[in-house]
Amino acid sequence: MNPEEAKESAKSHLLDYLNAKGINTSTNFSCLNPSHDDRHPSMSFDSRRNRCHCFSCGVDYDIFDVVGLETGLTGKELFDHVYKLYNISVDYSDFNKNQNTSKSIPHPKSKTKIDINKKSQNENREPLTDFFAKCHAAVEKTDYWKKRGLSKSIVDAYNLGYWEEKKRFVIPTGEFSYNARATWEADKKERYLKPKGQFELFNLKAIPLAEQPVFVVEGEFDALSIIEAGGIAVALGSSSNLRFIEFLKSNRPKYPLILALDNDEAGRVGEAKLSDELTKIQVEFVDADITGDFKDANEALIGDREVFIQNVMNARNNVLSLLEEKRQKEEQAYYQTSAVNGLSEFIADIEKRHNRDCVSTGFENLDEILDGGFYPGLYIIGAISSLGKTTFALQVADNAAKKGQDVLVFSLEMGKQELIAKSISRLSFQKCKNWGSDLDFATTTRNLMNGKSLNSKERVDFLNECIKGYADYAGRIYYHIGIGDIGVEKINAVIARHIKITGRKPLVIIDYLQIIAPFDMRATDKQNTDKAVVELKRASRDYDVPIFAISSFNRENYTSPVNIASFKESGAIEYTSDVLMALQFKGMDYLKKEDGKYEDEKSRTARIIQLRNEQEKNAEIPGKAQELQLKILKNRNGRKGGVDLEFHPMFNCFEVPKKKVENGGWTLRTKK
């Protein structure tokens with residue numbers, strides 16, 4: 001094919017090229033102009049012209065422009081490159097060298113730039129202040145405004161006036177523009193008079209400031225009629241206006257817009273088009289019939305003033321009612337995430353109390369080293385697999401909830417039912433120990449979930465007592481379950497909603513860091529985990545809450561004492577966390593020999609393997625505890641050190657070890 005045919009054929013592949021680059025052309029996307037910082041995506045693909053157009057900076061690109069931006073190629077090299085991409089064969093034998101095939105393509109190295117800050121036509125003009133003042137001073141020389149149903153207060157508030165020389169009623173739409181309406185019965189061409197330059201939309205700036213829904217109408221008199229009735233309105237000047245959409249992208253309304261365009265075919269078509277555009281930019285809106293049998297709002301005001309005013313108020317109040325109904329539904333749906341939902345005895349009324357400055361972990365020896373417990377900040381705990389990280393965090397959650405503290409649990413691995421079962425299993429174990437009886441009635445998570453714990457009436461009654469004990473505080477625990485679909489943005493949103501709805505600041509638990517939804521699918525695991533840690537720290541600061549996150553360990557640390565390097569996939573864990581703690585078997589650290597030197601690596605490894613084998617056997621014996629140590633590796637505002645814990649993995653329970661006294665008895669550890 002000849003060069004012109006080849007060029008047209010290549011242009012038809014622009015959509016294929018954009019899709020191959022991962023650009024979603026079904027909606028607006030970020031402008032491809034390298035000089036345009038397009039924070040509100042304003043470029044779209046025009047399938048009719050096979051071009052990309054930016055409604056903000058004005059650039060208009062075909063496939064050669066887009067490829068040139070990416071490759072830096074120009075002229076024949078660019079054209080040949082595009083032809084090669086799509087196997088287009090070109091015959092240059094009859095090519096006229098004077099044809100313009102060497103386009104000037106703007107690209108990152110080019111000096112050509114688009115000035116998106118270029119002044120509009122109006123900025124080179126003088127404001128029409130004196131003209132508006134003169135017209136307003138003459139407004140009493142006409143009764144046109146009275147005929148249109150407007151009061152003197154509206155005339156004064158919006159600086160309406162009378163252009164005596166032209167016998168026109170003047171409605172200022174901005175500093176530089178107006179709509180001068182003929183006061184006589186003029187034909188369509190004579191009816192309106194507007195100044196040259198960019199026309200400003202009437203009352204547009206009211207949208208981001210209005211503390212009630214704003215009506216969107218076609219004409220200025222329609223907007224003034226709604227304002228006369230007690231509403232707020234903006235006039236498009238026609239049945240559709242692209243500049244109105246562009247304004248909304250960076251000036252979001254606080255309430256849904258109310259569309260009330262003219263009651264004719266043009267108005268209905270314009271309203272349908274406007275609805276599509278508002279949907280694309282995610283601006284909420286409703287349709288409202290405020291005119292009845294009249295053509296537009298002004299005719300309705302003149303024709304039946306009282307009914308029109310009532311229609312405007314009803315439309316506004318209906319939107320406010322819908323918003324309140326939506327808020328209540330969201331609140332009700334949120335409370336359904338409570339862990340108590342579905343239990344036989346649901347706590348209907350939870351006592352509201354403000355979050356205390358410090359949240360106790362429920363383990364007195366840990367609280368002591370943490371100066372009372374968790375303060376607002378980022379706390380991270382790590383351990384090898386199956387050493388009880390989730391169980392420990394869940395027990396902290398239950399301990400806090402028992403004392404009236406709200407807890408948000410983001411479980412990215414286990415389901416809600418399994419987590420509840422772990423808590424009830426622990427309660428069954430603790431209840432047996434408190435009764436001083438054997439552990440026959442204590443139940444494991446597995447037996448609880450498969451129903452094996454319900455093989456007698458006595459066991460059923462015992463289990464109901466445990467469930468009742470759990471229900472006493474479970475209303476404070478809110479589970480959010482997900483696998484790969486919960487990221488930090490969603491965590492932030494849930495924290496914000498919880499505080500807004502309940503008025504209480506929660507303890508936040510995340511299980512676990514390495515499976516939080518990635519920020520960027522193209523980034524490495526380490527980069528995504530680092531980003532997640534930084535954002536969680538920011539959330540703890542912004543919402544003034546403690547965040548307790550679980551981290552996995554590197555496999556090479558499974559036979560080594562815990563240290564900061566044990567934490568998987570992240571350097572940010574060390575630098576960003578406020579408190580960094582880790583669980584390990586007691587006795588994992590290096591031992592000193594009689595000569596004062598530490599044991600060598602070989603003997604230490606052998607000892608640790610033996611230690612782990614012994615401790616793991618304990619997990620298989622009911623009532624037998626694994627002896628663990630929780631080490632504080634970093635404490636930004638307090639002490640480091642370690643505390644001993646006993647872990648009963650069969651029954652999901654951690655305990656503070658009892659302290660032996662000289663008479664051979666045992667007593668619980670107490671604070672000094």
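What you are looking at is a predicted structure, and each value in this text was computed from that prediction instead of being measured. Just the heavy atoms: all of them, side chains too, but no hydrogens, waters or symmetry mates, feed the values below.
- Between the side chain of K249 and the backbone N or O of I281 there is no donor-acceptor pair closer than 3.5 Å.
- Remark: the backbone N or O of V562 is not paired with any side-chain donor or acceptor of S566 at under 3.5 angstrom.
- Considering every non-hydrogen atom in both L427 and G469, the closest pair reads CD1-C, 4.4 Å.
- With salt bridges taken as basic N to acidic carboxylate O contacts below 4.0 Å, none links K468 and E465.
- Around CZ of R446, the count of heavy atoms belonging to other residues, nucleotides or ligands within 6.0 Å does not exceed 12.
- Of the possible donor and acceptor atoms, one in the side chain of R636 sits under 3.5 Å from a partner among the backbone N and O of S577.
- The closest side-chain heavy-atom distance from I550 to L513 is not below 4.5 Å.
- At a threshold of 4.5 Å between non-hydrogen side-chain atoms, the residues E574 and F567 do not count as touching.
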Chi angles and distances behind the side chain to side chain contact (heavy atoms under 4.5 Å, CB included) call for I564, I573: CA-CA 9 Å; I564 289 177; I573 288 179; over 6 Å; no
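- Taking a 6.0 Å sphere around CD of Q328, one finds it holds more than 12 heavy atoms contributed by other residues, nucleotides or ligands.
- Within a 6.0 Å radius of CD in E331, other residues, nucleotides and ligands contribute more than 12 heavy atoms.
- For the pair M414/T390, a side-chain contact is recorded, criterion being any heavy-atom separation below 4.5 Å from C-beta on.
- Taking the side chain as every heavy atom from C-beta outward, P561 and Q584 approach each other to under 4.5 Å.
- Distance alone, capped at 3.5 Å, places no donor-acceptor pair between the N635 side chain and the K640 backbone.
- Between Q626 and L387, the shortest heavy-atom contact is OE1-CD1, 4.5 Å.
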V409 and Y478: CA distance, side-chain angles, deciding distance, side chain to side chain contact (heavy atoms under 4.5 Å, CB included) verdict: CA-CA 6 Å; V409 179; Y478 298 82; over 6 Å; no
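- In this structure, K490 does not pair ionically with D485, as no charged nitrogen and carboxylate oxygen lie closer than 4.0 Å.
- Residues R426 and D398 are paired through a salt bridge, judged by an N-O separation under 4.0 Å between the basic side chain and the carboxylate.
- Of all heavy-atom pairs between T445 and S425, the closest is N-OG, 3.8 Å.
- Between L378 and V533 there is a side-chain heavy-atom pair separated by less than 4.5 Å.
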From CA spacing to verdict: salt bridge (Lys or Arg N to Asp or Glu O under 4.0 Å), K433, E655: CA-CA 12 Å; K433 291 197 68 175; E655 294 181 317; 3.2 Å; yes
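- The distance from atom CD1 of I499 to atom CD1 of I501, rounded to the nearest 0.5 Å, is 11.0 Å.
- Taking the six-membered ring where the residue is Trp, the centroids of F392 and F654 are separated by under 6.0 Å.
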Side chain to side chain contact (heavy atoms under 4.5 Å, CB included) assessment of T529 paired with T524: CA-CA 9 Å; T529 303; T524 65; over 6 Å; no
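- A distance of 4.5 Å separates CG of L630 from CG of L583, quoted to the nearest 0.5 Å.
- The backbone N or O of T361 lies less than 3.5 Å from a partner atom in the side chain of N399, making a donor-acceptor pair.
- Taking 4.5 Å as the limit, some side-chain heavy atom of T444 sits within range of a side-chain heavy atom of F651.
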Check against side chain to side chain donor-acceptor pair (under 3.5 Å), S551 and Q514: CA-CA 7 Å; S551 173; Q514 282 74 19; 3.1 Å; yes
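- R504 places no side-chain N or O within donor-acceptor distance of the main-chain N or O of H498, the cut-off being under 3.5 Å.
- Looking at D406, its side chain never comes within 3.5 Å of a backbone N or O of I477 through a donor-acceptor pair.
- In terms of heavy atoms, V283 sits closest to P253 at CG1-CG, 3.9 Å.
- Between the side chain of E535 and the backbone N or O of N492, no donor-acceptor pair lies under 3.5 Å.
- Formation of a donor-acceptor pair under 3.5 Å by the S428 side chain with backbone atoms of T443 is found in this model.
- When all heavy atoms are compared, the tightest approach of P546 to L507 is O-CD1, 3.6 Å.
- I632 is listed as a side-chain neighbour of V579, based on a closest heavy-atom distance under 4.5 Å.
- In K586, the NZ atom is not crowded: 12 or fewer heavy atoms of neighbouring residues, nucleotides or ligands sit closer than 6.0 Å.
- Expressed to the nearest 0.5 Å, how far OH of Y470 lies from OG of S423 amounts to 4.5 Å.
- Cation-pi geometry between K531 and F519 is met: under 6.0 angstrom from the ring centre, within 45 degrees of the axis.
- Distance check: T576 OG1 to K537 NZ gives 8.5 Å after rounding to the nearest 0.5 Å.
- E284 has no carboxylate O lying under 4.0 Å from a charged side-chain N of K254, or vice versa, which leaves the two without a salt bridge.
- Separation of atoms OH (Y512) and CD1 (I381) is listed at 15.0 Å; rounding is to 0.5 Å.
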Working for side chain to side chain contact (heavy atoms under 4.5 Å, CB included), residues H480 and L408: CA-CA 8 Å; H480 298 269; L408 300 182; 4.3 Å; yes
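- Residues K505 and D544 meet the side-chain proximity criterion, which asks for heavy atoms closer than 4.5 Å.
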Check against salt bridge (Lys or Arg N to Asp or Glu O under 4.0 Å), K280 and D276: CA-CA 6 Å; K280 287 180 182 178; D276 290 341; over 6 Å; no
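- Taking both residues in full, the closest heavy atoms of D367 and G362 are given as OD2-N, 3.8 Å, listed atom of the first, atom of the second, then distance.
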Worked check of side chain to side chain donor-acceptor pair (under 3.5 Å) between S411 and D511: CA-CA 5 Å; S411 178; D511 184 15; 4.8 Å; no
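- A distance-only check finds a donor-acceptor pair linking the side chain of N365 to the backbone of D644 [under 3.5 Å].
- Ion pairing between E330 and R327 fails under the 4.0 Å rule for side-chain N and carboxylate O.
- Rounding to the nearest 0.5 Å places CG of L645 at 7.5 Å from CG of L366.
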